[in-house]
Amino acid sequence: MIQGIDHIGIAVKSIDEAKKFWVDTLGLKLTHVEEVPEQKVRVAMLEAGAATIELLEPTSPDSPVAKFIEKRGEGLHHVTLQTDQLAECLKALRAAGVSLIDEKPRVGAGGSRIAFLHPKSAHGVLIELCE
Ligand code: CMX
């Protein structure tokens with residue numbers, strides 16, 4: 001049910017600051033920036049071959065990404081795996097005993113349907129599934 005890596009999310013305090021490394025120094029191409037109000041983040045998408053790097057900047061102090069940065073500092077936030085059957089995938093994972101953060105899909109960047117798995121079921125990594 002998993003097709004591959006869609007993107008890798010990196011929590012940053014400021015997209016403008018982070019761009020100096022990812023775009024100016026590494027030379028990745030910035031494709032677009034958008035706000036995802038439901039998640040209280042602004043995201044910048046960078047082309048990196050078959051996958052995308054997503055810089056996540058909190059838009060408010062109570063954003064989950066702001067809390068993540070406060071607790072752990074900037075860094076790798078989540079890995080997003082692509083599926084074309086999100087609802088079925090969640091059902092199968094629940095049946096397999098995987099702990100889900102989202103029981104049902106919700107809205108992510110680009111209007112995609114997403115759901116998070118609990119890091120305790122994924123060896124400490126926050127996994128996002130996206131359809
Ligand atoms: N990596 C590893 N562990 C993480 C984590 C991360 N990025 N984020 C949270 N956790 C851990 C917490 O420390 C906590 O652990 P304990 O239960 O041991 O204390 C546990 O996971 C649950 O975290 P929480 O914040 O208490 O749980 P919530 O249900 O409130 O929120 C989550 C979970 C992941 C949805 C939220 O923290 C979050 O990160 N939201 C932002 C989502 C995001 O990146 N959206 C981007 C949208 C754009 C797109 O489409 O990609």
Side-chain angles (χ1 to χ4, degrees):
M1 284 193 274
I2 302 294
Q3 273 88 48
I5 294 181
D6 182 80
H7 67 262
I8 293 174
I10 297 175
V12 300
K13 290 178 188 163
S14 153
I15 286 175
D16 283 344
E17 271 304 308
K19 260 167 44 183
K20 290 178 190 164
F21 171 70
W22 292 96
V23 178
D24 302 345
T25 308
L26 276 188
L28 298 190
K29 186 176 166 208
L30 174 69
T31 53
H32 76 280
V33 178
E34 75 175 87
E35 191 164 335
V36 186
E38 295 84 357
Q39 320 261 325
K40 296 182 180 167
V41 287
R42 202 160 73 93
V43 302
M45 297 302 197
L46 308 172
E47 265 179 20
T52 300
I53 302 279
E54 178 187 68
L55 303 178
L56 296 153
E57 176 192 277
T59 53
S60 101
D62 65 341
S63 159
V65 173
K67 289 183 191 152
F68 174 90
I69 292 173
E70 200 180 293
K71 207 164 148 187
R72 306 176 185 223
E74 293 183 308
L76 181 62
H77 182 266
H78 65 263
V79 174
T80 301
L81 301 174
Q82 199 186 334
T83 175
D84 56 6
Q85 306 171 59
L86 182 54
E88 292 80 357
C89 201
L90 289 175
K91 203 172 154 192
L93 291 170
R94 193 183 306 113
V98 172
S99 176
L100 308 178
I101 286 177
D102 296 311
E103 291 289 331
K104 287 186 193 154
R106 55 172 152 153
V107 179
S112 60
R113 292 186 345 131
I114 64 167
F116 286 94
L117 311 184
H118 200 290
K120 74 182 174 199
S121 284
H123 303 268
V125 178
L126 177 62
I127 302 282
E128 176 185 1
L129 299 175
C130 122
E131 185 179 72

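In listed order, ligands and their atoms are each counted from 1.
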What are the two closest non-hydrogen atoms of [X] and [Y], and how far apart are they?
X: S63; Y: T59; value: CB-N, 4.3 Å
X: K13; Y: P58; value: O-CD, 4.4 Å
X: I101; Y: P119; value: CD1-CD, 4.0 Å

Next item on the list: Using modelled atom types only, decide if a donor and an acceptor are shared between the side chain of T52 and the backbone of M45 within a distance under 3.5 Å.
Entry: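 No, the answer is negative, given that no donor and acceptor are paired below the 3.5 Å cut-off.
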(message) For the CD1 atom on I5, are there more than 12 heavy atoms of other groups (residues, nucleotides or ligands in this structure) within a distance under 6.0 Å?
(response)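 Incorrect, the count does not exceed 12.
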Exercise. Look at atom NE2 of H32 and say whether more than 12 heavy atoms of other residues, nucleotides or ligands are closer to it than 6.0 Å.
Key: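 Counting neighbours around NE2 of H32, more than 12 heavy atoms of other residues, nucleotides or ligands fall under 6.0 Å, so yes.
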* **Shell of residues surrounding ligand 1, defined by a 4.0 angstrom heavy-atom cut-off that is strict** =>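 If the criterion is a heavy atom under 4.0 Å, then ligand 1 touches H7, Q39, E54, L56, P64, F68, K71, R72, H77, H78, I101, R106, G108, A109, F116, H118, P119, G124, L126, E128.
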